[in-house]
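In what follows, a single structure is set out as structure tokens and then discussed.
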Amino acid sequence: MALLVKRRLALVDANSFYCSAERIFRPDLEGVPVVVLSNNDGCVVARSAEVKKLGVAMGMPWFQMKDLARQHNILAFSSNYTLYGDISRRFMSVLAQFVPPEEQEIYSIDECFLDFTHQPHLDLTATGHVMRDRVKRWTGLPVCVGCGSTKTLAKFANNVAKKQAQWGGVCDLTALSETELVAVLGQFDVRDVWGVGRKIAMQLMSYGVRTAADLRACDAKRIRERFTVVLERTVSELQGVSCVAWENEPPAKQQIIASRSFGGPLYTTEQLAEPVRFHMARAAEKLRLQGSIAGTLGVFLETNRFRPQDPQYSPSRAIHLPAATDDTAVLTTWATTLMRAIHKPGFRYVKAGVMLMDLRERCVVQGSLFDAAPTDRDLRRERLMGVLDRANGKWGRGTMGVGSAGVKQQRGWAMSRANLSPCYTTRWDELREVLAD
DNA sequence: TCTGGGGTCCTAGGACCC
DNA sequence: TCTGGGGTCCTAGGACCC
């Protein structure tokens, strides 16, 4: 019988990532309650510890908490994804020093898994502290580290490290005995387990499964009968059996969506054409970046669901393209056609978006049945798309495009970003100046 | 007046085929 | 009067995550 080696996985996750990223260049904001807002300054997507303490929930609409913000001097930032993306890259590269490349999995913008199974001599708690200190020193980000024998346990450990100060920011569950592990799991709600959302938690409660320890004690097979295979895997993972695959390289996207709420309502097809073209250009750019072509294109419009007094109409439609493509001009023509087809006058539209689906690798493209070999025109088109992507990469999205998508966002639909911080790390003209005495 | 924008996976049910 | 059953494919919708 093969000896099963216990895996040693770590999850490193930044604390209030967007807020912490804003604070790196504003050390005066240490201890000041800070939130970061979603696109359009709509709702709260990141809260500093001070704000969490005030009971502000994730996703709270900003306009609803303006009074509270005034009362407690909460500072709000518009989201600055250029900044967060760059800080994320630095954070990941610091952690890359601790494992071989294939043993780091970048899971999201602010967290990654590291596999220390093949470094059995390392003390994970000590290593966790080294990683914390180095990330803090080299990037300015505060992070917590959780270790466990499965991804779900490592995620859980990270949660423990964040919520219980006595761990000092590093919780290694692999160092605990079975009894000690169950004791820790018993202190947390089942909702704190990765993969258990609001709905599942409510159902579990009705079976008397309240804590993470309760869930671990469940019979995985019975869970599958009453719930789904997804929750079955979660239970197994809590029991130390790995079910969630290791994904060292991010898999190619299966669908690409580009959408935004408008700064204000739009009504006519003429008005809507502009954001649709803009989103189509963004989506096609992402498509080309991953080297895919799309076989299906979808478009959707939305009215404001938070205003029940308004007539509601949120149509969507998708078509199979005659030939899969990554050509912005072709896609844009279809997208505007679809938009016109689903649009009805008399509604107050607040959001539009496009979706690319049925994605395949570009090199295995099989033209439409009636296509011959690529023509000169096709090749010129390809080069044109290349120029488009390079220009937009260099001078900013929306510099160059097809039709009016090339015009930088303006007029009624541009999003509001009233409290945007500078791109400290990615724009020469917004670099931070350091004055020496 | 103002309420984000991405993604993934799974399941159930209908269409269709033999 | 009697009205199958199994398989596959597709889609819509739900649940979850960050």
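What's counted below: heavy atoms across the whole structure, side chains too, no hydrogens, waters or symmetry copies. A note on names: the letters A, B, ... follow the listed sequences, proteins ahead of strands, and every chain is numbered from 1.
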Is A/Arg307 near enough to B/dC2 that one of its side-chain N or O atoms lies under 4.0 angstrom from OP1 or OP2?
yes
Whether A/Gln187 side chain and A/Val160 backbone form a donor-acceptor pair below 3.5 Å
no
Base, sugar-phosphate or nothing for A/Ile200? Non-hydrogen atoms, less than 4.0 Å.
sugar-phosphate
Under 30°, 30 to 60°, or over 60°: which ring-plane class applies to A/Trp194 and A/Phe113, parallel, tilted or perpendicular?
tilted
Tell me whether the side-chain N/O atoms of A/Lys66 come closer than 4.0 Å to OP1 or OP2 in B/dT3.
no
It should be established whether A/Lys351 places a side-chain nitrogen or oxygen under 4.0 Å from OP1 or OP2 of nucleotide B/dT3.
no
Gap between atoms CZ and C1', on A/Phe278 and B/dG5 respectively (whole Å):
14 Å
Whole angstroms only, please: what is the CZ-C1' distance between A/Arg348 and B/dC2?
10 Å
Of all the nucleotides listed (C/dT11, B/dG4, B/dC2), which has the minimum atom distance to the side chain of A/Arg305?
B/dG4
Integer-rounded Å distance: C/dC18 P and A/Lys151 NZ:
12 Å
Between A/Asp67 and A/Arg70 (salt bridge meaning N to carboxylate O under 4.0 Å), is one present in this structure?
yes
Would you mind reporting whether A/Asp133 and A/Arg137 have side-chain heavy atoms less than 4.5 Å apart?
no
When all nucleic acid strands are considered with a 4.0 Å heavy-atom cut-off, which category describes A/Arg317: base, sugar-phosphate, or nothing?
nothing
Separation of C/dC17 C1' from A/Lys199 NZ (nearest whole Å)
15 Å
Assert: residue with more 5' nearest nucleotide on DNA chain B, out of A/Phe227 and A/Gly263, is A/Gly263
Among residues 234-258 of chain A, which ones have heavy-atom contacts with DNA chain B below 4.0 Å?
A/Lys253, A/Gln254, A/Gln255, A/Ile256, A/Ile257, A/Ala258
Provide, to the nearest angstrom, the distance between the CE atom belonging to A/Met357 and the C1' atom belonging to C/dA12.
13 Å
Which pairs would a plain distance check flag for residues 289-300 of chain A, meaning a side-chain donor or acceptor within less than 3.5 Å of a matching protein atom at least two apart in sequence or in another chain?
residue, atom, partner, partner atom, Å
A/Gln290, OE1, A/Lys253, N, 2.8
A/Gln290, NE2, A/Lys253, O, 3.2
A/Gln290, NE2, A/Ser292, OG, 2.9
A/Thr296, OG1, A/His320, ND1, 3.2

So that I can tick it off, tell me whether A/Lys162 and A/Glu111 are bridged by a salt bridge, with the cut-off set at under 4.0 angstrom between side-chain N and carboxylate O.
no
For nucleotides C/dC18 and B/dT3, find the distance between their P atoms and express it as a whole number of Å.
25 Å
So which nucleotide from B/dT3, B/dT11, C/dC18 ends up closest to the side chain of A/Tyr107?
C/dC18
Mark yes or no: A/Lys344 above the aromatic ring of A/Tyr313, with NZ or CZ under 6.0 Å from the six-membered ring centre and no more than 45 degrees from the axis.
yes
In dot-bracket, 5' to 3', how would DNA chain C read with Watson-Crick or G-U wobble pairs under 3.5 Å, [ ] for crossing ones and | for pairs to another strand?
....||||||||||||||
Between A/Asp86 and A/Thr426: side-chain donor-acceptor atoms closer than 3.5 Å
no
Determine the contact category for A/Trp62: base if any of its heavy atoms lies under 4.0 Å from a base atom, sugar-phosphate if only primed atoms, P, OP1 or OP2 are that close, otherwise nothing.
nothing
Side-chain N or O of A/Arg233 versus OP1/OP2 of B/dC10: is the shortest distance under 4.0 Å?
yes
Between CG of A/Leu356 and P of B/dT8 the distance, given in whole Å, is 12 Å
Is it true that A/Thr152 and A/Arg233 share a donor-acceptor pair across their side chains at a distance under 3.5 Å?
no
Toward the 5' end of DNA chain B, which comes first, A/Thr228 or A/Asn40, by nearest nucleotide?
A/Asn40
Pick base, sugar-phosphate or nothing for A/Asn39, based on heavy-atom distances below 4.0 Å to the nucleic acid.
sugar-phosphate
Considering only NZ, NE, NH1 and NH2 on the basic side and carboxylate oxygens on the acidic side, decide whether A/Asp310 and A/Arg307 come within less than 4.0 Å.
yes
Quick note, A/Gln64 side chain, CB onward, closest among C/dC17, B/dG6, B/dT3 is B/dT3
In whole angstrom, give the distance that lies between atom OH of A/Tyr18 and atom P of B/dG5.
13 Å
Would you please confirm or rule out a distance under 4.0 Å between OP1 or OP2 of B/dT3 and any side-chain N or O of A/Ser261?
no
Would you please confirm or rule out a distance under 4.0 Å between OP1 or OP2 of B/dG6 and any side-chain N or O of A/Ser259?
yes
Quick one: does A/Gln271's side chain have a donor or acceptor within less than 3.5 Å of a partner on A/Thr268's backbone?
yes
Check the phosphate of B/dC2 against A/Arg417, side-chain N and O only, distance under 4.0 Å to OP1 or OP2. Yes or no?
no
Under 4.0 Å, heavy atoms only, any strand: does A/Asp41 hit a base, just the sugar-phosphate, or nothing?
nothing
What's the CZ-C1' distance between A/Phe262 and B/dC2, to the nearest Å?
16 Å
